[in-house]
Amino acid sequence: SSKLKADAMIALAYEKGFHRYEWVYVNLQGENFDAEVTLTKIEDNEDIFLHVHLRDITKKLQEAKELEKLRERNELAITGSNDGLWDWDVTANKLYLSPKWKAILGYEDDELESSFESFKTVTHPDDFQSLMDVVYEHFRKRDSGIEFLVRMKHKNGRYIWLYDKGKALFDEDGKAYRMVGFISDVNDLMLSRVRSSLV
């Protein structure tokens with residue numbers, strides 16, 4: 001029951017001095033809303049009590065669910081296409097790279113770690129900072145997203161041209177906490193344009 005769970009959360013806060021968890025409350029209109037609860041133990045002479053801080057995270061959770069649905073839809077659509085999906089947890093700096101994303105660069109799923117470090121390693125040094133500048137500008141403006149032509153290193157050692165597109169989600173404070181997008185192989189198109197310009 002809620003009472004038992006609440007007692008358990010309070011006991012943890014007293015034991016550890018601090019505890020954070022998610023909870024569902026009911027507002028004055030009788031509507032449920034999700035909240036992040038932070039309990040902090042405070043000792044004042046002989047008195048011990050808890051400071052309770054609530055933060056409404058309903059919108060954040062709804063957006064996360066919508067983005068997860070979008071990611072699932074995109075992954076299903078991308079499975080039948082030549083695009084590779086990526087999903088970046090900005091807060092924790094964890095990056096998911098789909099098997100197709102890795103395959104575009106010539107890797108099997110288990111040959112390239114899903115991490116921001118892997119992404120940085122395969123991105124051309126001259127393009128990495130420019131791409132990140134575009135991403136952080138998107139974070140600052142909170143606009144419709146990014147589109148960028150980037151060179152990444154294939155497993156065979158050659159750099160190939162990719163089209164990178166993505167969009168971030170923002171919390172109630174306007175900070176980006178997640179970003180999802182995909183890459184498309186446009187190397188043949190870019191090379192043909194170069195050849196045409198040389199003719």
Side-chain angles (χ1 to χ4, degrees), residues 60-199:
K60 180 178 178 179
L61 291 181
Q62 286 174 344
E63 287 181 340
K65 288 176 183 176
E66 286 301 312
L67 190 58
E68 185 60 32
K69 288 179 183 176
L70 178 62
R71 192 186 98 164
E72 289 174 355
R73 282 198 301 269
N74 283 347
E75 193 151 19
L76 285 171
I78 288 169
T79 299
S81 72
N82 292 319
D83 298 330
L85 180 76
W86 54 267
D87 186 348
W88 182 22
D89 180 338
V90 179
T91 306
N93 198 29
K94 292 182 179 179
L95 182 64
Y96 167 77
L97 304 172
S98 73
K100 186 64 180 179
W101 193 101
K102 298 173 187 179
I104 289 173
L105 294 176
Y107 292 95
E108 295 294 331
D109 191 24
D110 60 353
E111 289 182 318
L112 188 66
E113 181 182 310
S114 278
S115 69
F116 192 82
E117 193 56 39
S118 292
F119 161 74
K120 184 177 180 180
T121 300
V122 299
T123 303
H124 195 290
D126 292 344
D127 293 349
F128 176 76
Q129 192 55 55
S130 298
L131 174 57
M132 295 312 299
D133 287 344
V134 170
V135 169
Y136 289 124
E137 182 72 0
H138 168 48
F139 289 175
R140 187 180 68 81
K141 291 183 175 178
R142 300 193 291 279
D143 54 21
S144 58
I146 68 157
E147 295 182 49
F148 196 84
L149 281 172
V150 59
R151 289 166 291 177
M152 290 191 178
K153 196 171 189 178
H154 194 277
K155 185 181 176 181
N156 63 19
R158 297 178 181 173
Y159 282 98
I160 62 172
W161 284 101
L162 302 170
Y163 170 73
D164 198 359
K165 184 174 183 177
K167 189 176 189 314
L169 278 182
F170 302 90
D171 63 20
E172 57 270 25
D173 297 321
K175 293 182 180 178
Y177 65 87
R178 191 174 177 190
M179 190 170 181
V180 174
F182 61 88
I183 58 169
S184 306
D185 185 348
V186 293
N187 194 58
D188 289 344
L189 176 62
M190 293 298 291
L191 291 179
S192 66
R193 286 183 177 177
V194 171
R195 293 189 195 102
S196 298
S197 67
L198 297 175
V199 176

Is there side-chain contact between Lys100 and Asp83, with at least one heavy-atom pair below 4.5 Å?
no

Closest non-hydrogen atoms of Glu108 and Glu111, given as atom of the first, atom of the second and distance, are N-OE1, 2.7 Å

Measure across Ala64 and Tyr177 and return the closest heavy-atom pair with its distance rounded to 0.1 Å.
N-OH, 3.8 Å

Below 4.5 Å, heavy atoms only, C-beta onward: do Leu105 and Ile160 meet side chain to side chain?
yes

Under 4.0 Å between a Lys/Arg side-chain N and an Asp/Glu carboxylate O for Lys120 and Glu117?
no

With rounding to the nearest 0.5 Å, note down the distance linking CG in Leu112 to CZ in Phe119.
11.5 Å

Would you give the length of the straight line joining atom CG of Asp133 to atom CD1 of Ile146, rounded to the nearest 0.5 angstrom?
11.5 Å

Can you find a heavy atom in the side chain of Leu189 that is under 4.5 Å from one in the side chain of Tyr163?
no

For the CG atom of Leu95 and the CE atom of Met179, what is their distance to the nearest 0.5 Å?
11.0 Å

Whether the Asn93 and Trp88 side chains hold a donor-acceptor pair (N or O, under 3.5 Å, no angle test) is what I'd like checked.
yes

Using side-chain heavy atoms (C-beta onward) and a distance below 4.5 Å, is Thr91 in contact with Lys175?
no

Within a strict 4.5 Å, meaning less than it, do heavy atoms of the Met152 and Ile104 side chains meet?
no

Find out whether Lys102 and Ser114 are in side-chain contact, i.e. whether some heavy atom of one side chain is under 4.5 Å from a heavy atom of the other.
yes

Sequence neighbours excluded - salt bridge (Lys or Arg N to Asp or Glu O under 4.0 Å) pairs with any residue from residues 157-174:
Arg55-Glu172

Value rounded to 0.5 Å, distance of CZ in Arg151 from CG in Asp127:
4.0 Å

Going through the distances and angles, do Asp87 and Arg178 end up as a side chain to side chain contact (heavy atoms under 4.5 Å, CB included)?
CA-CA 8 Å; Asp87 186 348; Arg178 191 174 177 190; 2.7 Å; yes

Could you walk me through whether Asp185 and Leu162 pass side chain to side chain contact (heavy atoms under 4.5 Å, CB included), step by step?
CA-CA 5 Å; Asp185 185 348; Leu162 302 170; 4.2 Å; yes

Separation between OG of Ser98 and CZ of Phe182, rounded to the nearest 0.5 Å:
11.5 Å

What are the two closest heavy atoms between Lys153 and Tyr159, and how far apart are they?
N-CD2, 3.5 Å

For a quick test of reading the model, state the closest non-hydrogen atom pair linking Trp86 to Gly166 and the distance between them.
CZ2-CA, 3.9 Å

State, yes or no, whether a side-chain contact exists between Ser130 and Phe148 at a heavy-atom distance under 4.5 Å.
yes

Decide yes or no for His154 and Asn187: does some side-chain heavy atom of the first lie under 4.5 Å from some side-chain heavy atom of the second?
no

His138 side chain to Ala168 main-chain N or O, any donor-acceptor pair under 3.5 Å?
yes

Could you list the residues that satisfy side chain to side chain donor-acceptor pair (under 3.5 Å) with Ser118, not counting sequence neighbours?
Ser115

Would you compute the distance between atom OG1 of Thr123 and atom CZ of Phe128 and round it to the nearest 0.5 angstrom?
6.5 Å

